[in-house]
2 protein chains.
Amino acid sequence: MDKPAGRKRTRIQREKRELILEAALEVFSQHGFRGSTIDQIAEAAGMSKPNLLYYFKGKEAIFVTLIDRLMEAWLAPLREMDAAGDPQTEIRSYIRRKIEMARDFPRESRLFANEILQGAPRILPLLEGELKELVDEKAGIIREWMRQGKLKKADPHHFIFAIWATTQHYADFDVQVRAVLGPDKGGEGRFEDAARFLEGLFLG
Amino acid sequence: MDKPAGRKRTRIQREKRELILEAALEVFSQHGFRGSTIDQIAEAAGMSKPNLLYYFKGKEAIFVTLIDRLMEAWLAPLREMDAAGDPQTEIRSYIRRKIEMARDFPRESRLFANEILQGAPRILPLLEGELKELVDEKAGIIREWMRQGKLKKADPHHFIFAIWATTQHYADFDVQVRAVLGPDKGGEGRFEDAARFLEGLFLG
DNA sequence: CAAATTTTTGACCGTTTGGACAAACGTTAG
DNA sequence: CTAACGTTTGTCCAAACGGTCAAAAATTTG
């Protein structure tokens with residue numbers, strides 16, 4: 001998918017590719033795929049367009065590389081949910097991690113949201129395969145926890161959806177959240193407030 | 001903002017403008033603003049590009065008209081929340097209405113989500129003004145309900161955010177929801193399942 | 001050092017896109 | 001019927017865009 005189709009990558013290639021991916025994340029997350037231009041990404045990366053195209057085959061290749069990496073990090077928190085752990089603690093940790101990701105990696109969250117909004121043209125197979133399997137597995141764990149009375153009974157799949165929706169909301173809809181909370185309540189503390197609220201909502 | 005700057009609009013103008021807006025909603029909600037072309041919209045509306053531009057000044061004008069209308073409908077359910085009503089019933093009705101909108105008007109939801117994701121360049125003033133005022137008012141009502149013990153105590157602003165996030169999730173992330181639920185659980189019943197789950201979550 | 005290889009760039013190309021325009025077509029009122 | 005007005009279209013344009021290419025510049029290697 002990338003230009004240096006040869007064997008190993010040089011130091012410069014590794015560095016420049018990282019630089020490009022960082023710049024592309026910034027640009028893509030702000031304007032979406034179609035709304036972003038190679039020139040914008042090149043400028044953000046501090047290089048010329050042909051130079052950028054020396055490291056990546058094209059716009060699509062950059063985007064795909066970006067989203068592939070993203071998915072790994074995206075699923076990690078759910079993967080860490082442990083059937084052997086204490087249910088309340090496990091759920092609380094999961095919510096915390098997801099809120100921290102919304103706070104620390106909002107660009108990644110928006111990139112992902114954008115892809116899903118457009119119908120997930122590039123990652124649909126992954127959603128129907130790997131993601132579905134993972135969610136089904138964890139839903140089973142949650143269902144068992146609920147049966148044991150450790151969590152309030154509810155549909156485990158929708159339970160997971162609700163955690164996704166509420167936590168990612170603080171990254172994807174950040175502008176709206178800040179606009180509504182205003183300058184005082186909308187400061188940096190909003191993520192801590194959100195985390196506390198969500199723990200109460202899902203565990204109270 | 002629109003071509004016929006003259007006084008009143010003819011019957012044909014009203015009809016054709018509606019046709020264009022319907023087509024534009026379809027196209028914009030699928031590809032976003034930058035990802036959509038006037039030609040696509042014109043074709044979806046069954047007319048030529050110059051003809052479409054006879055009714056609207058440009059691509060931007062179509063989009064703005066669309067989003068202006070949208071905001072009205074979008075805020076309506078929250079506006080209907082009545083301080084004099086029964087808290088449980090009012091919240092339940094609000095959730096129901098929002099889920100119904102996600103089910104019946106997913107294109108509108110995605111259009112809105114797209115605009116917010118891009119930083120709300122066209123509606124930021126509205127978010128900071130009208131929306132914030134409305135939310136503050138309703139948050140006050142909810143806070144009072146909580147003080148009376150009619151609802152579980154929590155931050156009312158984040159409470160509203162959570163309802164927005166969870167309900168709109170079923171429109172904006174529909175592809176993902178269906179992929180994860182699979183063919184059986186992901187059928188038409190998913191909205192009813194979601195509604196029941198959310199009532200339990202927010203009112204249980 | 002010089003040769004080989006990698007990296008960078010300016011110039012260029014074909015396509016797509018938003019939009020303009022005048023001419024043609026249709027409709028309606030006097 | 002015809003003049004005025006509203007509607008539709010074919011044609012055209014300039015800018016933006018994704019991408020190519022050959023040659024120059026820099027770096028690595030022998």
Side-chain angles (χ1 to χ4, degrees), chain A residues 1-28 30-67 114 118 121-122, chain B residues 1-28 30-67 114 118 121-122:
Chain A
M1 279 298 159
D2 319 320
K3 208 47 169 304
R7 277 285 151 265
K8 51 200 86 169
R9 297 209 170 109
T10 74
R11 173 186 53 88
I12 290 185
Q13 277 167 3
R14 263 179 280 118
E15 287 174 5
K16 289 295 171 79
R17 282 174 61 94
E18 285 310 310
L19 207 79
I20 292 168
L21 289 172
E22 159 65 25
L25 175 59
E26 184 70 25
V27 175
F28 279 141
Q30 267 179 48
H31 310 289
F33 181 75
R34 285 289 310 266
S36 305
T37 72
I38 300 186
D39 280 297
Q40 279 174 37
I41 298 171
E43 192 191 337
M47 65 180 69
S48 66
K49 179 169 64 170
N51 196 10
L52 181 150
L53 287 169
Y54 169 72
Y55 292 104
F56 285 91
K57 212 185 66 181
K59 190 180 170 183
E60 177 85 12
I62 304 174
F63 193 84
V64 169
T65 304
L66 217 43
I67 223 170
N114 224 305
Q118 314 295 319
R122 295 160 243 261
Chain B
M1 282 298 159
D2 319 319
K3 208 45 169 305
R7 277 285 152 264
K8 52 200 84 172
R9 298 208 170 110
T10 73
R11 174 186 54 89
I12 290 184
Q13 277 168 3
R14 261 179 281 117
E15 287 174 3
K16 289 296 172 80
R17 283 175 61 93
E18 285 312 309
L19 206 78
I20 292 169
L21 289 172
E22 158 64 25
L25 175 60
E26 184 70 23
V27 176
F28 279 140
Q30 265 179 49
H31 310 289
F33 180 75
R34 285 288 311 267
S36 304
T37 71
I38 300 186
D39 280 299
Q40 277 173 35
I41 299 172
E43 191 191 337
M47 65 180 70
S48 65
K49 180 168 64 170
N51 196 9
L52 182 149
L53 287 170
Y54 169 73
Y55 292 104
F56 284 91
K57 212 185 67 182
K59 191 179 168 182
E60 178 85 15
I62 304 174
F63 192 84
V64 169
T65 304
L66 217 43
I67 224 170
N114 225 304
Q118 313 295 319
R122 297 159 241 261

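These numbers come from the heavy atoms of this one structure, side chains and all, not from hydrogens, waters or symmetry mates. These figures come from a predicted structure and were not determined experimentally.
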Please tabulate, for the side chains in residues 34-46 of chain B, all donor-acceptor contacts under 3.5 angstrom to protein atoms that are two or more places apart in sequence or on a different chain.
residue	atom	partner	partner atom	Å
B:R34	NH1	A:G35	O	3.3
B:S36	OG	B:V27	O	3.3
B:S36	OG	B:G32	O	2.6
B:T37	OG1	B:Q40	N	3.0

If each end axis of the helix from C:dC1-D:dG30 to C:dG30-D:dC1 is fitted on five C1' pair positions, the angle between them, to 10 degrees, is 0°
The residue among A:L21, A:I67, A:N114, A:L66 that forms side-chain contact (heavy atoms from CB on, under 4.5 Å) with A:F28 is A:L66
When the nearest nucleotide of DNA chain D is assigned to B:R34 and to B:K16 on a heavy-atom basis, which residue is associated with the more 5' position?
-> B:K16
To the nearest Å, give me how far apart CZ (A:R17) and C1' (C:dT7) are.
-> 15 Å
Under-3.5 Å N/O pairs linking protein and nucleotides 24-28 of chain C:
none

Report the residues that fulfil side-chain hydrogen bond (donor to acceptor under 3.5 Å, both in side chains) with A:E22, sequence neighbours left out, ordered by chain and then residue number.
-> A:R107
Could you state the atom-to-atom distance from NZ of A:K57 to C1' of D:dG19 in whole Å?
-> 12 Å
Between C:dT8 atom P and A:F56 atom CZ, what is the distance in whole Å?
-> 13 Å
Distance (rounded to the nearest 0.5 Å) between B:Y55 OH and B:E15 CD | 9.5 Å
Between B:F33 and B:F63, what is the ring plane arrangement, given parallel below 30°, perpendicular above 60°, and tilted in between?
-> perpendicular
Can you see which heavy atom on A:M47 is nearest to which on A:L19, and at what distance?
-> CE-CD2, 4.2 Å
Whole Å only: how far is the NE2 atom of A:H31 from the C1' atom of D:dA16?
-> 15 Å
Taking atom P of C:dG10 as reference, at what distance in whole Å does atom OH of A:Y54 sit?
-> 17 Å
Rounded distance [0.5 Å steps], OG1 in B:T65 versus CD1 in B:I20 | 10.0 Å
Given atom CG of A:L53 and atom C1' of D:dA22, what is their separation to the nearest angstrom?
-> 16 Å
In whole angstroms, the gap separating C1' of D:dG18 from CZ of A:F63 amounts to 16 Å
Please identify each residue that fulfils salt bridge (Lys or Arg N to Asp or Glu O under 4.0 Å) with B:R122, with sequence neighbours left out.
-> B:E60, B:E115
Under the side-chain contact (heavy atoms from CB on, under 4.5 Å) criterion, do A:Q13 and A:Y54 qualify, and how do the steps go?
-> CA-CA 10 Å; A:Q13 277 167 3; A:Y54 169 72; 4.1 Å; yes
Whole-Å distance separating the CD atom of A:Q13 from the P atom of D:dT28 = 12 Å
List in numerical order all residues of residues 37-52 of chain B for which some heavy atom is under 4.0 Å away from an atom belonging to DNA chain C.
-> B:T37, B:I38, B:K49, B:P50
